[in-house]
J.: 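One structure, as structure tokens, below. Some questions next.
Given the structure is predicted, the values throughout are model-derived calculations rather than measurements.
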Amino acid sequence: MTFDASETTFPNSDTDPHANDAAPYGGGDPYADYREAGDLPFTELVDLADRRLGAGVIAANDEFFAERENLLIRERAVFDPEHFGHKGKIMDGWETRRRRGADADHPFPAPEDHDWAIVRLGAPGIIRGLVVDTAHFRGNYPQRVSVQATSVEGAPGPEQLLADDVKWEEILPPTPVRGHAANAFEITSGRRYTHIRLCQHPDGGIARLRVHGEVVPDPAWLAALGTVDLISVLNGGTYEDASDRFYSSPTQIILPGTSRKMDDGWENRRRRVRDTNDWVRFRLPAQGAVRAIEIDTAYLKGNSAGWIALQGRNGDTGEWFEILPRTRLQPDTLHRFVLRAQAVVTHVRLDAFPDGGVARMRLHGTLTESGAAELTRRYEESGA
């Protein structure tokens, strides 16, 4: 379910503050009554708050019951009904203490009172959607959440980000959320951000946070590096489409670093229709000249792709041409290919024959002159 942040309401949420509660845990599968977000197009985009990109929760005003770092854990939140500690129930998420009012005559917190956590995005980018997951927070989730965002160059600390001269833009106003649910919000700002501030009104717990969007790399940094991985998520590479994403997202092929286990890559189901094959298509951040390629099948031992081929095209309507012919792959192996002539492309398509997994793909090269100019224009416009 997707919500427009400007007009989101839930039935009876104003007249009944418990309208969005989930039923108390009754035993069995704790996810049996979990309320999914539904099919959301923006969740196919990279999670800018992925720890694998370098994201982190760098500050929070309160984390009495559960640590802020839990927000960015990749796996689903775990619930153990018997797990208690000295401070109370141990929850897999970020949970603050119950706020109180000023005195006995005013026991409830003031309307403006809230808790907050600051998240450094793994890469600067345009935010297209948020998922605020309150899994297992059934009666102790926040009544509303809001999100602000800012863009600050370098590696600022919490003190710098909280300074009076830093401008935070509200990309999600205080909005009701449901307990034990994936609460999804579409964002239409179009600006480039480096940090977000997640607020819960007035207090409560959030299990996970996902910040989906598009990386907009600094063209000056790419130019200083020279040869770069033109398809890396960190450099603005984007997954567009795939024949199959049954086991895992193709976006993982272009994540930084090496895979750490079998599902940290792209694996499709077993293909049974002869004379067909699986494929995945990517878009470079701008036009680039590819000179060398790496295909890694790390941890894919009995299910790696048998053969691969790589095609490219220049422009949205350009003709596809061969970059790498159909080539045999070895399982759990890094394969390197130096091209005889550079391939100038804006898109590439990786074909797997007949099926199977690929852990990582790297396209080493440089932006062309026109590609660098296009990326510079986009970078400057998204920072306006």
Side-chain angles (χ1 to χ4, degrees), residues 43-56 69-70 72-78 92 122-123 208 210 212 215 228-273 276-284 290 292-311 323-338 348-365:
T43 58
E44 290 295 326
L45 299 174
V46 64
D47 179 6
L48 299 172
D50 192 331
R51 284 284 302 171
R52 293 172 294 181
L53 303 185
E69 288 85 0
N70 292 332
L72 305 189
I73 291 175
R74 296 310 309 162
E75 293 74 25
R76 306 176 90 183
V78 176
D92 185 5
R208 299 289 188 265
R210 304 291 182 246
H212 296 284
V215 174
V228 298
D229 178 5
L230 291 167
I231 204 62
S232 170
V233 161
L234 285 176
N235 295 333
T238 306
Y239 149 69
E240 286 194 326
D241 198 6
S243 60
D244 189 292
R245 42 187 178 270
F246 188 84
Y247 288 111
S248 53
S249 170
T251 294
Q252 298 192 139
I253 299 180
I254 57 176
L255 289 177
T258 57
S259 64
R260 299 180 179 180
K261 52 183 179 176
M262 190 181 74
D263 67 348
D264 187 8
W266 173 51
E267 184 190 357
N268 42 60
R269 76 192 86 188
R270 301 188 187 208
R271 183 165 284 269
R272 304 304 192 190
V273 180
T276 65
N277 69 278
D278 284 307
W279 54 267
V280 56
R281 188 177 74 243
F282 297 98
R283 183 180 75 246
L284 278 63
V290 180
I293 298 167
E294 291 182 77
I295 303 290
D296 192 359
T297 56
Y299 293 99
L300 296 161
K301 298 182 178 181
N303 53 354
S304 66
W307 294 261
I308 58 94
L310 188 69
Q311 301 178 69
I323 300 176
L324 276 182
R326 192 175 302 195
T327 303
R328 177 73 178 178
L329 293 186
Q330 297 300 320
D332 195 27
T333 300
L334 174 62
H335 308 75
R336 288 174 171 164
F337 309 95
V338 177
V348 293
R349 170 176 158 148
L350 178 68
D351 287 277
F353 300 93
D355 55 27
V358 173
R360 294 289 188 272
M361 178 173 70
R362 310 281 184 235
L363 303 182
H364 300 290

J.: Return the CG to CG distance between D296 and L334, rounded to the nearest 0.5 Å.
T.: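 Output value for this atom pair is 5.0 Å.
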J.: Work out which heavy atom in G356 is nearest to a heavy atom in N268; give both atom names and the distance.
T.: N-OD1, 2.7 Å
J.: According to the side chain to side chain donor-acceptor pair (under 3.5 Å) rule, which pairs have a member within residues 297-309, sequence neighbours left out?
T.: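 Side chain to side chain donor-acceptor pair (under 3.5 Å) check on residues 297-309 returns E267-N303.
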J.: Is the number of heavy atoms from other residues, nucleotides or ligands within 6.0 Å of CZ (R270) greater than 12?
T.: no
J.: Quick one: closest heavy-atom pair of S248 and G265, and the distance?
T.: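 Closest heavy-atom pair between S248 and G265: OG-O, 2.7 Å.
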J.: With sequence neighbours excluded, tell me which residues meet side chain to side chain donor-acceptor pair (under 3.5 Å) with N277.
T.: D351
J.: Who pairs with D355 by side chain to side chain donor-acceptor pair (under 3.5 Å), at least two apart in sequence or on another chain?
T.: none
J.: Test of understanding: with side chain to side chain donor-acceptor pair (under 3.5 Å), list the residues that count as partners of D92, not counting sequence neighbours.
T.: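 Residues passing side chain to side chain donor-acceptor pair (under 3.5 Å) with D92: R208.
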J.: Is the backbone N or O of D264 less than 3.5 Å from a side-chain atom of R360, with the two atoms forming a donor-acceptor pair by type?
T.: yes
J.: Who passes side chain to side chain contact (heavy atoms under 4.5 Å, CB included) against A123, sequence neighbours left out?
T.: V215, L234
J.: From E240 CD over to R283 CZ, what is the distance, rounded to the nearest 0.5 angstrom?
T.: 5.0 Å
J.: Checking M361 against V348 for the side chain to side chain contact (heavy atoms under 4.5 Å, CB included) test, could you report, in this order, the C-alpha distance in whole Å, the side-chain angles of both residues, the deciding distance, and whether it holds?
T.: CA-CA 11 Å; M361 178 173 70; V348 293; 4.2 Å; yes
J.: If I take atom CG from residue N235 and atom CG from residue L284, how far apart are they, to the nearest 0.5 angstrom?
T.: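 Rounded to the nearest 0.5 Å, the CG-CG separation comes out at 10.0 Å.
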J.: Applying side chain to side chain contact (heavy atoms under 4.5 Å, CB included) to L300 and M262, what does each step give before you reach the verdict?
T.: CA-CA 6 Å; L300 296 161; M262 190 181 74; 3.7 Å; yes
J.: Are the side chains of T276 and P354 in touch, meaning some heavy atoms are under 4.5 Å apart?
T.: no
J.: What are the two closest heavy atoms between L329 and A305, and how far apart are they?
T.: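 Scanning both residues completely, I find the closest heavy atoms to be CB-O, 3.6 Å.
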J.: Which residues pass the salt bridge (charged side-chain N to carboxylate O under 4.0 Å, His left out) test with R269, sequence neighbours left out?
T.: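 Once residues adjacent in sequence are excluded, the partners of R269 under the salt bridge (charged side-chain N to carboxylate O under 4.0 Å, His left out) criterion are D244.
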J.: Using the test side chain to side chain contact (heavy atoms under 4.5 Å, CB included), find all partners of I254 that sit at least two apart in sequence or belong to another chain.
T.: I231, V233, F282
J.: Only one of V338, L350, I323 passes side chain to side chain contact (heavy atoms under 4.5 Å, CB included) with I293; say which it is.
T.: I323
J.: Could you please spell out the steps behind the side chain to side chain contact (heavy atoms under 4.5 Å, CB included) verdict for L230 and V228?
T.: CA-CA 6 Å; L230 291 167; V228 298; 3.9 Å; yes
J.: Partners of E69 by side chain to side chain contact (heavy atoms under 4.5 Å, CB included), sequence neighbours excluded?
T.: E63, E67
J.: Once side chain to side chain donor-acceptor pair (under 3.5 Å) is applied, do any residues pair with R76, and if so which ones, sequence neighbours excluded?
T.: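 Partners of R76 under the side chain to side chain donor-acceptor pair (under 3.5 Å) test: none.
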J.: Output all residues satisfying side chain to side chain contact (heavy atoms under 4.5 Å, CB included) with R74, sequence neighbours left out; order by chain, then residue number.
T.: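 For R74, the residues satisfying side chain to side chain contact (heavy atoms under 4.5 Å, CB included) (neighbours in sequence not counted) are D47, D50, R52, R210.
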J.: Suppose we screen for salt bridge (charged side-chain N to carboxylate O under 4.0 Å, His left out). Which residues come up paired with R271, at least two apart in sequence or across chains?
T.: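 Partners of R271 by the salt bridge (charged side-chain N to carboxylate O under 4.0 Å, His left out) criterion, ordered by chain and then number, come out as D278.
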J.: Could I get the full list of salt bridge (charged side-chain N to carboxylate O under 4.0 Å, His left out) partners for R336, not counting sequence neighbours?
T.: E294
J.: Could you check Y239 against R245 for side chain to side chain contact (heavy atoms under 4.5 Å, CB included), going step by step and ending with a plain yes or no?
T.: CA-CA 12 Å; Y239 149 69; R245 42 187 178 270; 2.9 Å; yes
J.: Checking the side chain of H335 only, and the main-chain atoms of T333 only, is there a donor and an acceptor separated by less than 3.5 Å?
T.: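 Confirmed, H335 side chain pairs with T333 backbone.
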